[in-house]
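Here's the structure we're looking at; comments come further down.
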Amino acid sequence: MSQTLRAPRASAPGRRSRVPLRSANSPSSHGRSLGGPLTAVPWLLPALALVGVLLVYPFLRSVYGSLFEDNGFERSFVGLDNYARLADDPIFSRSLLNTLMWVVGTLLLPVLLGLLIAVATYRMRLGGVVQLLVVLPYAISGAATAVLWNFMLTSDGAVNQVLRAVGLDSLAHPWLLEWPHNTIAMIVASTWQGTGLNVVLFAIGLRAIPRETLEAAALDGASGWRLFRHITFPQLRAVTVVVVGMAIVNSLKAFDMIWILTKGGPSRSSETLALTMYRETFRLFHVGYGSAIALVLTVIVIASAWLYLRRQMPTSARD
């Protein structure tokens, strides 16, 4: 049995072929419109649950725990007495001062050095090699960095031996045994490790600047400091916001290097808020008082980040 195949009929000239259009009430389009924005809710629930368990609940639990005098075995309600105790505690005042020193030192040293090194090397012939050498310490953990600098900063360590060898005995110090030398020395050690990341970020920002912009500025007579101040640095604003924001947060939660180098000593003189919170909560079992310190540190971190980002964001974005 044979079948005759017919060629499709050609449409007449000037006559449009009709294409079947899917109506708005067709099943497939109706299915896509079902749910609207609510269709994303089931996908968000696992993430919201994770945030709630790991962030929201511990925060609320710390707020609640700060209202009690708790040693891990017995608990009694004291209201806001733990916060009143902060105002009279000299250790807390010293920790707050050390934390402020860490913030200022981290902003002045790693951020500024990272910017200077990136600007000085991103056009050099061997600039990539120099940047690699600066970045290498960032690959070392904070604990390993602290062990290395402990070898250098002890009373008979490498730094003092070099100073005595070149006849600068008067500059030799027990760097980790006196305040504020111990805090400053640890900030320098943190700078040695953390500058590399800032170099990488600033180098990325420099390479993202359009070459035409720099060439146009050079034709207008801008060079050197004027070129950097009026053209290069404003183009790095987005990267600078990220670098400075990270520096502020990292300085406020500095812990591992301080704990390994000095353990907050001598006599708790080099403690920061993070270290004081840890010692009060897990070493001295003042759980309620440690919760109050943790809450103060959390407020400082959030307020610092919010104020900085609000100041740096464009007015249109804030509105």
Side-chain angles (χ1 to χ4, degrees), residues 54-55 58-59 61-62 65-66 72 82 86 89-111 137-154 175-198 243-305 308:
L54 298 181
L55 294 178
F59 175 76
R61 183 66 179 79
S62 296
S66 67
N82 285 325
L86 293 175
D89 189 351
I91 294 177
F92 176 79
S93 301
R94 177 61 64 85
S95 298
L96 192 60
L97 177 59
N98 287 331
T99 303
L100 179 61
M101 291 176 62
W102 271 88
V103 172
V104 174
T106 303
L107 290 178
L108 290 180
L109 294 179
V111 175
Y138 185 73
I140 305 175
S141 66
T145 301
V147 171
L148 174 63
W149 280 83
N150 183 61
F151 167 75
M152 297 172 60
L153 295 174
T154 53
W175 300 100
L176 300 177
L177 299 179
E178 296 179 357
W179 187 89
H181 299 101
N182 47 18
T183 298
I184 295 174
M186 288 185 289
I187 292 174
V188 172
S190 177
T191 299
W192 177 80
Q193 183 193 25
T195 300
L197 177 62
N198 298 336
V243 171
V244 174
M246 291 174 55
I248 293 174
V249 174
N250 290 334
S251 61
L252 289 173
K253 65 183 184 66
F255 179 87
D256 51 352
M257 187 169 296
I258 303 172
W259 182 255
I260 294 176
L261 285 175
T262 66
K263 287 187 170 54
S267 302
R268 306 184 67 176
S269 62
S270 61
E271 285 187 0
T272 58
L273 289 177
L275 200 65
T276 301
M277 179 271 296
Y278 169 79
R279 187 185 298 276
E280 292 289 341
T281 305
F282 300 105
R283 290 297 180 116
L284 302 178
F285 297 103
H286 300 156
V287 180
Y289 188 58
S291 298
I293 297 174
L295 186 60
V296 170
L297 179 59
T298 301
V299 171
I300 292 175
V301 172
I302 295 175
S304 301
Y308 174 71

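Note that the structure is predicted; figures quoted are calculated from it, not measured.
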How far apart are the closest heavy atoms of [X] and [Y], and which atoms are they?
| X | Y | answer |
| --- | --- | --- |
| Pro137 | Gln193 | O-CG, 3.5 Å |
| Arg94 | Arg268 | CG-O, 4.5 Å |
| Leu107 | Ala247 | CD2-CB, 4.0 Å |
| Leu54 | Pro58 | O-CG, 3.3 Å |
| Gly65 | Ser291 | C-CB, 4.2 Å |
| Ile187 | Thr106 | CG2-N, 4.5 Å |

So [Y] and [X], do their side chains get closer than 4.5 Å, heavy atoms only?
| X | Y | value |
| --- | --- | --- |
| Asn198 | Pro110 | yes |
| Leu86 | Asn82 | no |
| Leu297 | Val301 | yes |
| Ile260 | Asn150 | no |
| Ile258 | Trp102 | yes |
| Trp175 | Met152 | no |

Using the ring of each side chain (for Trp, its six-membered ring), is Trp259 parallel, tilted or perpendicular to Phe255, with breaks at 30° and 60°?
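Because their plane-to-plane angle is under 30°, the rings of Trp259 and Phe255 count as parallel.
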
Inter-residue atom distance [X].[atom1] - [Y].[atom2], 0.5 Å rounding:
| X | Y | atom1 | atom2 | value |
| --- | --- | --- | --- | --- |
| Leu96 | Ile300 | CG | CD1 | 5.5 Å |
| Asp89 | Tyr289 | CG | OH | 3.5 Å |
| Ser270 | Ile184 | OG | CD1 | 12.0 Å |
| Met186 | Thr145 | CE | OG1 | 14.0 Å |
| Leu176 | Leu153 | CG | CG | 5.0 Å |
| Ile293 | Thr298 | CD1 | OG1 | 11.5 Å |

Side chain of [X], backbone of [Y]: donor and acceptor closer than 3.5 Å?
| X | Y | value |
| --- | --- | --- |
| Ser269 | Pro266 | yes |
| Glu271 | Ile91 | no |
| Thr281 | Val287 | no |
| Ser251 | Ile248 | yes |
| Thr191 | Leu109 | no |

Does atom OH of Tyr138 have more than 12 heavy-atom neighbours from other groups under 6.0 Å away?
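Counting neighbours around OH of Tyr138, 12 or fewer heavy atoms of other residues, nucleotides or ligands fall under 6.0 Å, so no.
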
Can Thr276 and Ser95 be counted as having a side-chain donor-acceptor contact under 3.5 angstrom?
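On atom types as modelled, these side chains qualify, holding a pair under 3.5 Å.
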
I would like to know whether Leu97 and Ser93 meet side chain to side chain contact (heavy atoms under 4.5 Å, CB included); could you show each step before the answer?
CA-CA 6 Å; Leu97 177 59; Ser93 301; over 6 Å; no

Scan Thr99, Thr272, Leu100, Leu273 and name whichever one has a side chain to side chain contact (heavy atoms under 4.5 Å, CB included) with Leu252.
Thr99

